[in-house]
Amino acid sequence: MKKIIFPSLVAVVTSTVFLAFACNDKHNPNSKNSIQGTYKEESTGTAANPNIGVVTVTGTSTLTNPATQNTSLQVSGAGWSYDGCTNTSSLTGSPSLNGKNGSTNVSIVFGTPPPLGAAIPYTLTAGTPSGFQARMTVSNAPGQPDGIVWYSKSGTLSVTTVTSAISPFTSTSATFNNVQCLQYTFLFPVVTVSGALICQ
């Protein structure tokens with residue numbers, strides 16, 4: 001019995017002494033293995049800020065809608081100017097119509113070139129148009145904060161394309177009524193657009 005107790009007692013005492021020295025070493029400020037508090041900027045572990053001097057934001061931030069009220073926009077008439085008729089746009093390779101009045105810009109991009117004829121219907125979409133779809137965008141709408149782009153949510157265009165013997169040999173016009181345009185990230189408020197865009 002004594003032969004079993006003595007080795008066990010020696011093992012317990014040895015372990016206790018070893019742990020005491022190990023723990024003491026980590027709390028000794030003069031030891032290279034000591035654990036010391038430090039500022040996050042001075043830390044080299046995974047919690048260190050990689051951009052010292054730059055505030056690190058944690059959590060989520062709430063987006064604030066800069067627009068607060070519905071407005072309407074009448075396109076065409078006095079003060080409006082229009083781009084010349086072109087064959088392609090950079091977005092889809094299809095024709096586009098653009099109008100400007102002061103800082104307000106309205107653009108329509110077609111998914112496919114409008115065929116010759118009167119009152120060809122195109123359905124408006126907020127995404128990239130294809131086929132007989134079109135997308136209307138409005139920037140700097142009157143009565144809204146500057147710098148906001150509004151995208152057509154729904155509606156239709158009536159598109160007329162004609163040819164003539166003089167330049168431009170082919171011209172396109174699109175008429176629309178009560179097109180609902182929204183911001184890309186907010187469903188309210190709405191800019192309601194009516195009128196016409198042409199190329200000339």
Side-chain angles (χ1 to χ4, degrees), residues 61-200:
S61 57
T62 304
L63 295 176
T64 303
N65 190 344
T68 58
Q69 62 183 1
N70 294 331
T71 57
S72 60
L73 172 62
Q74 181 65 38
V75 179
S76 73
W80 284 90
S81 61
Y82 308 97
D83 284 358
C85 296
T86 59
N87 291 327
T88 62
S89 74
S90 59
L91 180 63
T92 63
S94 298
S96 62
L97 300 175
N98 299 286
K100 183 175 183 179
N101 187 349
S103 64
T104 302
N105 291 285
V106 179
S107 177
I108 298 172
V109 175
F110 299 98
T112 191
L116 290 174
I120 307 296
Y122 275 74
T123 303
L124 286 167
T125 179
T128 301
S130 61
F132 283 91
Q133 292 180 330
R135 181 176 74 179
M136 176 185 289
T137 57
V138 179
S139 59
N140 297 322
Q144 299 292 351
D146 289 341
I148 298 178
V149 178
W150 303 83
Y151 299 87
S152 54
K153 175 188 176 186
S154 60
T156 58
L157 303 174
S158 181
V159 182
T160 300
T161 303
V162 297
T163 59
S164 67
I166 58 174
S167 180
F169 299 105
T170 302
S171 61
T172 300
S173 64
T175 58
F176 39 88
N177 192 36
N178 295 325
V179 173
Q180 304 280 300
C181 293
L182 307 173
Q183 298 173 72
Y184 212 71
T185 51
F186 299 102
L187 299 178
F188 173 87
V190 175
V191 173
T192 303
V193 187
S194 299
L197 277 182
I198 62 173
C199 63
Q200 59 182 22

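Along the sequence shown, the residues carry numbers beginning at 1.
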Seminar exercise, completed: Heavy-atom nearest pair, L197 first then L97, reads O-CD1, 3.5 Å

Exercise. In chain order, what residues pass the ring-ring contact (aromatic ring centres under 6.0 Å, His included) check against Y122, with sequence neighbours excluded?
Worked result: F110, F132

Seminar exercise, completed: The side chain to side chain donor-acceptor pair (under 3.5 Å) partners of T71 (sequence neighbours excluded) come to Q144

For this session: Over all heavy atoms of both residues, which pair between G102 and K100 is shortest? Give the atoms and the distance, please.
Result: O-CE, 3.0 Å

Exercise. Mind checking what makes side chain to side chain donor-acceptor pair (under 3.5 Å) contact with T175, not counting sequence neighbours?
Worked result: none

Exercise. Can you name the residues that form a side chain to side chain donor-acceptor pair (under 3.5 Å) with S107, not counting sequence neighbours?
Worked result: N98

Problem set entry | Set of side chain to side chain contact (heavy atoms under 4.5 Å, CB included) partners for T123, sequence neighbours left out | none

Exercise. With side chains defined as the heavy atoms from C-beta onward, is the minimum distance between T112 and S130 less than 4.5 Å?
Worked result: no

For this session: State, with a plain yes or no, whether a side-chain heavy atom of Y82 is found less than 4.5 Å away from one of S76.
Result: yes

For residues 181-191, which side-chain N or O atoms pair as donor and acceptor with protein atoms under 3.5 Å away, sequence neighbours left out?
from: Q183; atom 1: NE2; to: N65; atom 2: OD1; distance (Å): 2.9

Problem set entry | Sequence-distant partners of T172, side chain to side chain donor-acceptor pair (under 3.5 Å), two or more places apart | T161

Problem set entry | Distance-minimising heavy-atom pair for V109 and S96 | CG2-CB, 4.1 Å

Exercise. Among all residues two or more places apart in sequence or in another chain, which pass the side chain to side chain contact (heavy atoms under 4.5 Å, CB included) test with D146?
Worked result: N140

Exercise. Are the side chains of L124 and L157 in touch, meaning some heavy atoms are under 4.5 Å apart?
Worked result: yes

Exercise. Of all residues at least two apart in sequence or in a different chain, which pass the side chain to side chain contact (heavy atoms under 4.5 Å, CB included) check with T156?
Worked result: none

Exercise. Rounded to the nearest 0.5 Å, how far apart are OG1 of T192 and CG of N70?
Worked result: 6.5 Å

For this session: Determine, step by step, whether N177 and S194 satisfy the side chain to side chain donor-acceptor pair (under 3.5 Å) criterion, reporting the C-alpha distance in whole Å, the side-chain angles of both residues, the deciding distance to 0.1 Å, and the verdict.
Result: CA-CA 4 Å; N177 192 36; S194 299; 3.2 Å; yes

Exercise. Side chain to side chain contact (heavy atoms under 4.5 Å, CB included) with N101: which residues, sequence neighbours excluded?
Worked result: W80

Exercise. Can you find a pair of side-chain heavy atoms, one from R135 and one from I108, that are under 4.5 Å apart?
Worked result: no

For this session: Looking only at non-hydrogen atoms, find the nearest pair between P66 and P145 and report the distance.
Result: O-CG, 3.2 Å

Exercise. Given T170 and V162, is the side-chain contact (heavy atoms from CB on, under 4.5 Å) satisfied, shown in steps?
Worked result: CA-CA 6 Å; T170 302; V162 297; over 6 Å; no

For this session: Measure across S152 and A134 and return the closest heavy-atom pair with its distance rounded to 0.1 Å.
Result: OG-O, 4.4 Å

Problem set entry | Side-chain touch P142/L73, heavy atoms, less than 4.5 angstrom | yes

Exercise. Looking at side-chain heavy atoms only, is the closest gap between S139 and N105 below 4.5 Å?
Worked result: yes

